[in-house]
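What follows is a single structure, written as C-alpha cells, with notes after it.
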Amino acid sequence: MAPGIIDFLKRILTTLTPSMQEKYLPKEIEQAAQQHWEHAAAFRATEDAAKPKYYCLSMFPYPSGKLHMGHVRNYTIGDVLSRYHKMRGFNVLQPMGWDAFGLPAENAAMANGVPPAKWTYDNIAYMKKQLKSLGFAIDWERELATCQPQYYQWNQWLFLRMLEKGIAYLKTGTVNWDPVDQTVLANEQVIDGRGWRTGALVEKREIPMYYLKITDYADELLSALDTLPGWPERVKTMQANWIGKSHGVRFAFPYRLGGKQEKLWVYTTRADTIMGVTFCAVAAEHPLATHAARNNLKLAEFIEECKRGSVMEADMATMEKKGMPTGIFVDHPLTAKKIEVWVGNYVLMGYGEGAVMAVPAHDERDFEFAKKYGLAIKPVISVAGQTYSLDAWQEWYADKAHGVCVNSGKYNDLDYPSAIDAIVADLKAKDLGDQQITYRLRDWGISRQRYWGCPIPIIHCPSCGVVPVPDDQLPVVLPDDCVPDGSGNPLRKRADFLDCACPKCGQAAKRETDTMDTFVDSSWYYARYCSAGNTQAMVDARSDYWMPVDQYIGGIEHAILHLLYSRFWSKVMRDLGLVKYQEPFANLLTQGMVLNEIFFRKPQGGTAGRIVYYNPTEVDLQFDDKGNRCGATLRSDGQPVESGGIGTMSKSKNNGVDPQALVDQYGADTARFFMMFAAPPEQTLEWSDSGVEGSFRFLKRLWAFGHAMHDSVRGAGKVPEKLDGALAALADVRREIHLNLKQANYDIGKHQFNTVASAAMKILNALEKTPRPGDGAAVIAEGLSILLRLLSPITPHICHVLWRELGYGDDLLQAPWPEPLAAALAQDEIELVLQINGKLRGNLRVAADATREAIEAAALASTTVQKHCEGKPTKKVIVVPGRLVNIVV
RNA sequence: GCCGGGGUGAUGAAAUUGGUAACCAUAGCGGACUUAAAAUCCGCCGCCCUUAUAAGGCUUGCCGGUUCGAGUCCGGUCCCCGGCACCA
C-alpha cells in the first residue's frame, strides 16, 4: 500500500476514535495522572466507620537533603500496599512527615554557617517535591515535622506526665567527652577513640541525665511479642534477645572495711558454679576500686586508663581484657574462704551491680583472664565422658544442660536446677542472696547535650532545685536561629532562652539546655498523624479509629531500637489513658538495604593521602569475550579503578545513585518498577543501570501494545463462553493470563512484589503472542484490563492513563481488583513428572481428574518406566497429586 | 565478641514452603530491519561428557546426616551483611 493511503486511513481513524499518543512519554503521562489525583483529592483520608480501615505507614525520612534509593524503595512498597488495599475496598490512610531533629543538621550548620532550622526546612521543601513526583498516594494534609513546636510540645507534655509517675527520672550516665572542644560526642563522632574534629583522645565522663524506665515494661515488651503474628520472626527474636530476660541469683560477698561490715553484691545465672569462684572483678568506677586506689598509685593509674576508652558495647566486647588486683579480699558467702577483688576493664558500672563473680573453670572470659594473670582455675562441673584440662577452653566447660556439680562439697552430684535450689536455700538462710529475674535491657537515657532537639521542660532554680515546667507554659520553644560551632550546646549562650523565672518561687532561674534523644520524636509520630491539627490534645478519637497501624514498613536497621522505643512509648500512653491499643504496629515489613558497587583508588606512592571513592555513574566496565567482568575504568581519564565489592549506598563510599536523575531520565514508573522487580522487599537490593533500562523497555512495550490495541480494545466484546475447536489457542493464552494473575494475587499476599512484576511481564508476553483478529480482541481486552489493574499499584501513572485511553473507565483506583476465573483456568489434561528412584526420567499426561490408581497404572505402563526398570520388582509407588509419580525399584 | 539474617547460572533472581533447580529479566552471542547507528523484533544462552542428541552425568558456599525424594529439614564449618543502646 502506498504511504499516502496509509496516512489517509490513519487520519480517518483518528477522527473516528479519540487519539492516543504513540510514543511513551512518561513526563506527560505522570503529570496528567498526578493532576487527576490532586484534583480528585484521591488520597485524602477521612474516618468512615462503614469501611474496613487500612493504615499503611512507612518510616518517615530524616530530611538530609534529597531522597535516597532506600526512601524510594521504602515508599514504593508502602504505596503498592496502599493502592492495592484501596482497590480492594479499604479506607486507606497513608501519611508522611519528617524526622526533623538530629545531628546532621548541626553538622551542616557548622559547615555552611546556616541555622539547622533553615537547612532542615529547605530540605523538607525539596524532598516533598521529590516525593510528589514519584506519585505516592499520600494524604499530605496530615504532614508533620518533629521540629515544629506544635509537634514537640507533646513530647514535653508526656515527659512531664512520666516524671509525675516516676517513669522519667534523673541518674548519672556515661558519655564520650572531647577534652579539647569541651563537648559531648555522639558515638558516631568518635573515630578510633578520638574526637572527629579535634583528634583528641576521648574520655568517658559521668553526667546527670534523664532516663525513662523502659525496664518497668521489660516483661510486657517481651511477652507481648507473642501477640504480634504479623511481625517477622527475626525481628521478634532480636527484640527478645535484646530484652534478655534471665533467671539468676543475686548474692553478696561479705567483707569488713574500715571496721564496718559491708557486702559486695553480684548477679549470676550460674550459681551452680559458685563453689568454683576464685576471684571477683569490679568496674573501675566501683567504690571498692576507688577505695583501694587511695594508697595504690599503680591501681589509680590503671583505673584512669579504664576511664579512657570506648563506651560502645562492640568495643568493650572485642578489646583486650585487662585487670589489676585491689589487695582487698571478700569472704566467699558459703565457704568463708578469702576471695581477692580485682578491677577489670570489662566490668561496667552501669550494668547490674558493677561487680561480677569469676569462675574461670566455667566461663570463657574468666578462663582467659585467669590464664593471663595466673589466677586459680577450679573445675566444679563435670560432664559424662569429658575430661577437664587447663590447657585450652572447651565448649563443654560452660554446658549447664548435661553437667553435675563436683568438687563442691555438699552440692556434689547435683544437676543444674537442683544445685541452684540448694545453693539459693543456703544463701537465703545466711541472708546473703536470693533468686532474681533480670533483664539485659537498660533504661533509656534521653538527655542529649545538643541544640537541635526538643528541649527538656525543666527549670533549675537556686532555691527549689529541679522544677518541671508547668503545663500552661508549654511548649518550651527552641530558638530556631542558633548556629552551632562545635564547642558545645549554643543554647548555653542564649540568655533569652536560658533565663526564666522559677515557676515555684518566682526567683531568677535557668532553663535546662539538654534536649531529647530523637528516638523520642519518632516513638509516637504514627499516632499524631491520626490526630493532625489538634492543638488541645496529643491524640484524639480519630486515633482510636485508625490505630494500630495495619502495616508498618521500614529498614531492618530499625529492628530493635526504634521499634522497641515505639512499643514502650505507646504502652505508657495506654497506661495514661490516652490510647486504647496494646501495640502500635500490627504488621511489620522490614525492607532490605539498597546496595551498589564501590569503586576506589588507593593513594599513589606510599601510604600518605586518602582513598578516593568514585561514583559508579563515573565508571565504565570492561567485559571479556565470555561476557565476564574483567575491569573498570574511570570515564574521565580512562585509567583503571579498583572495585571494593558491593556495599550499602552511602556518602562515605560515594556509591549512591540519585533517584532524581532516574526519575528525570525515565520517569517515576520506571523507578518504581525497577525497585519492586529487582529483589523481594526483605532482601538487599543491588543497583543495576541495565536493570533500570530493562524496566523502562517493559513500560515502553506496554504503552506500545496499548497504542496498537487502542481501537480493537475499545470495540471488543465479551470473551465467548466456550473457547474450543479453532479457538483452543485463545483458551491457552487466556489460561496463561489467569494463571499468572492467580500466582500474582498469592504473591501480593506474601508481599513478594518482584514476582508480581514478573507476572505482569509474563502477561504482556502472552498478550503480544495472542492471535489478534476476531475473538482474539475480546481475550486481549480482558487480559489487558487484568494487566493494568494488577500493575497499577507498582506503576500507577502509565496504568491510569492507559485505563482511560482504552476506555475501561474514568478512574482505575475505583476499579475492582482482578480475580482469576475458574472457567479460564480449567483444563482437561495435566502433565505429571515421572521419577524412578527419585531421578527425573520423563513426563506423563493424565486426565485432570484421574484417580491415584489410574495414575499409578499409567505410570507403570509407560515406555519410560518399561525402559528404566525392566524386570526389577517395584518396591513402592509414590503419587503426589497434580505433581509427580516416583517409582522406587 | 554477642544477637539476627544471607550465600542458587556471567548478573538480579524464581522454585505456592520436602516434589521437574534456574520462571521473569539483565548481560552476552547470532540474525532481521537500517546507508549507518540507536531503537525495535526474532533466535540461542548453568556446567561436563558426547556418537552433537528427544542419550548420559554433574550443579543451589563447603563437609556430613535424615528421606522414595533436600536449594528447602538436622549437625558442623567458611564467607558476607544488619544491630550492639548518642547516626538515623
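We use all heavy atoms of the structure for the numbers below, so side chains are in, but hydrogens, waters and symmetry mates are not. Sequence lines set the chain letters: A, B, ... in the order given, protein chains first and strands last, and positions in each chain run from 1.
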Task: Lys NZ or Arg CZ of A/Lys245 over A/Tyr439 ring: under 6.0 Å, within 45° - done: no
With sugar-phosphate meaning primed atoms plus P, OP1 and OP2, does [X] contact a base, only sugar-phosphate, or nothing at under 4.0 Å between heavy atoms?
| X | value |
| --- | --- |
| A/Phe677 | base |
| A/Arg442 | base |
| A/Glu106 | nothing |
| A/Gln189 | nothing |
| A/Leu441 | base |
| A/Val175 | base |
| A/Gln449 | base |
| A/Ser64 | nothing |
| A/Pro61 | nothing |

Nearest-Å distance for atom pair [atom1]/[atom2], residues [X] and [N]:
| X | N | atom1 | atom2 | result |
| --- | --- | --- | --- | --- |
| A/Leu741 | B/C23 | CG | P | 22 Å |
| A/Leu884 | B/G18 | CG | C1' | 11 Å |
| A/Gln239 | B/G5 | CD | P | 14 Å |
| A/Asn176 | B/A85 | CG | P | 10 Å |
| A/Glu693 | B/A39 | CD | P | 8 Å |
| A/Gln591 | B/G4 | CD | P | 22 Å |
| A/Glu682 | B/A13 | CD | P | 14 Å |
| A/Glu395 | B/G76 | CD | C1' | 12 Å |

Would you confirm whether the ring centroid of [Y] sits within less than 6.0 angstrom of the ring centroid of [X]?
| X | Y | result |
| --- | --- | --- |
| A/Phe369 | A/Tyr346 | yes |
| A/Phe696 | A/Phe674 | no |
| A/Trp444 | A/Tyr565 | yes |

Distances under 3.5 Å between protein N/O atoms and the N/O atoms of nucleotides 68-70 of chain B, please, pair by pair.
from	atom 1	to	atom 2	distance (Å)
B/C68	O2	A/Asn886	ND2	2.3

Determine whether the side chains of [X] and [Y] contain a donor N or O and an acceptor N or O closer than 3.5 Å.
| X | Y | answer |
| --- | --- | --- |
| A/Glu364 | A/Tyr397 | no |
| A/Asn886 | A/Arg841 | no |
| A/Asp443 | A/Thr215 | yes |
| A/Trp524 | A/Asn155 | yes |
| A/Arg567 | A/Gln239 | yes |
| A/Asp315 | A/Ser310 | yes |

Are [X] and [N] close enough that a side-chain N or O sits under 4.0 Å from OP1 or OP2?
| X | N | result |
| --- | --- | --- |
| A/Arg448 | B/C86 | yes |
| A/Asn740 | B/C23 | no |
| A/Asn843 | B/U20 | no |
| A/Gln683 | B/A13 | yes |

Task: Syn-anti status, with the boundary at 90° from 0, for the nucleotide B/G9 - done: syn
- [ ] Classify the glycosidic conformation of B/U17 as syn or anti, calling it syn when the angle lies within 90° of 0.
- [x] syn
Using the [atom1] atom in both, what is the distance from [N] to [M], to the nearest Å?
| N | M | atom1 | value |
| --- | --- | --- | --- |
| B/C78 | B/C87 | P | 31 Å |
| B/A55 | B/A21 | P | 15 Å |
| B/G65 | B/U60 | P | 15 Å |
| B/G56 | B/G4 | C1' | 44 Å |
| B/U59 | B/A22 | C1' | 11 Å |
| B/C68 | B/C62 | C1' | 27 Å |
| B/G76 | B/C81 | P | 24 Å |
| B/U17 | B/G31 | C1' | 42 Å |

- [ ] If the plane angle is over 60° it's perpendicular, under 30° parallel, otherwise tilted; pick one for A/Phe677 and A/Phe673.
- [x] parallel
- [ ] Identify, between A/Ser688 and A/Tyr746, the residue whose nearest nucleotide on RNA chain B lies closer to the 5' end.
- [x] A/Tyr746
Open item on the list: Taking the nucleotide of RNA chain B with the nearest heavy atom to each, does A/Lys762 or A/Asn754 sit closer to the 5' end?
Closed with: A/Asn754
Taking the side chain from [X] and the backbone from [Y], do they hold a donor-acceptor pair closer than 3.5 Å?
| X | Y | answer |
| --- | --- | --- |
| A/Trp452 | A/Ala100 | yes |
| A/Asn74 | A/Gly70 | no |
| A/Tyr526 | A/Ser523 | yes |
| A/Arg448 | A/Thr518 | no |
| A/Asn345 | A/Glu320 | yes |
| A/Arg440 | A/Ile243 | no |
| A/Gln189 | A/Ala186 | yes |

Using a cut-off of under 3.5 Å, enumerate the N/O to N/O pairs linking the protein to nucleotides 79-84 of chain B.
from	atom 1	to	atom 2	distance (Å)
B/C84	O2'	A/Glu313	OE1	3.4
B/C84	O2	A/Glu313	OE2	3.4

Task: Residue A/Thr518, side-chain atoms from C-beta onward, closest of B/A14, B/G5, B/A88 - done: B/A88
TODO: Output the single nucleotide from B/G1, B/C24, B/A88 whose closest atom is nearest the side chain of A/Asn765.
DONE: B/C24
- [ ] Give a yes or no on whether a salt bridge exists between A/Lys371 and A/Glu368, defined as a side-chain N under 4.0 angstrom from a carboxylate O.
- [x] no
Task: Test salt bridge (charged side-chain N to carboxylate O under 4.0 Å, His left out) applied to A/Asp747 - qualifying residues, sequence neighbours left out - done: none
Open item on the list: For RNA chain B, report each stem as range with range, ordered by first number, or say none. Use Watson-Crick or G-U wobble pairs under 3.5 Å, at least 3 in a row.
Closed with: B:1-7 with B:78-84, B:10-12 with B:24-26, B:28-32 with B:40-44, B:46-48 with B:56-58, B:61-65 with B:73-77
Just the atom pairs and distances: protein N or O near nucleotides 40-42 of chain B's N or O, under 3.5 Å.
none

TODO: Would you mind building the protein contact string for nucleotides 56-63 of chain B? One character per nucleotide, 5' to 3', B for base within reach (heavy atoms under 4.0 Å), S for sugar-phosphate only, - for untouched.
DONE: SSS-----
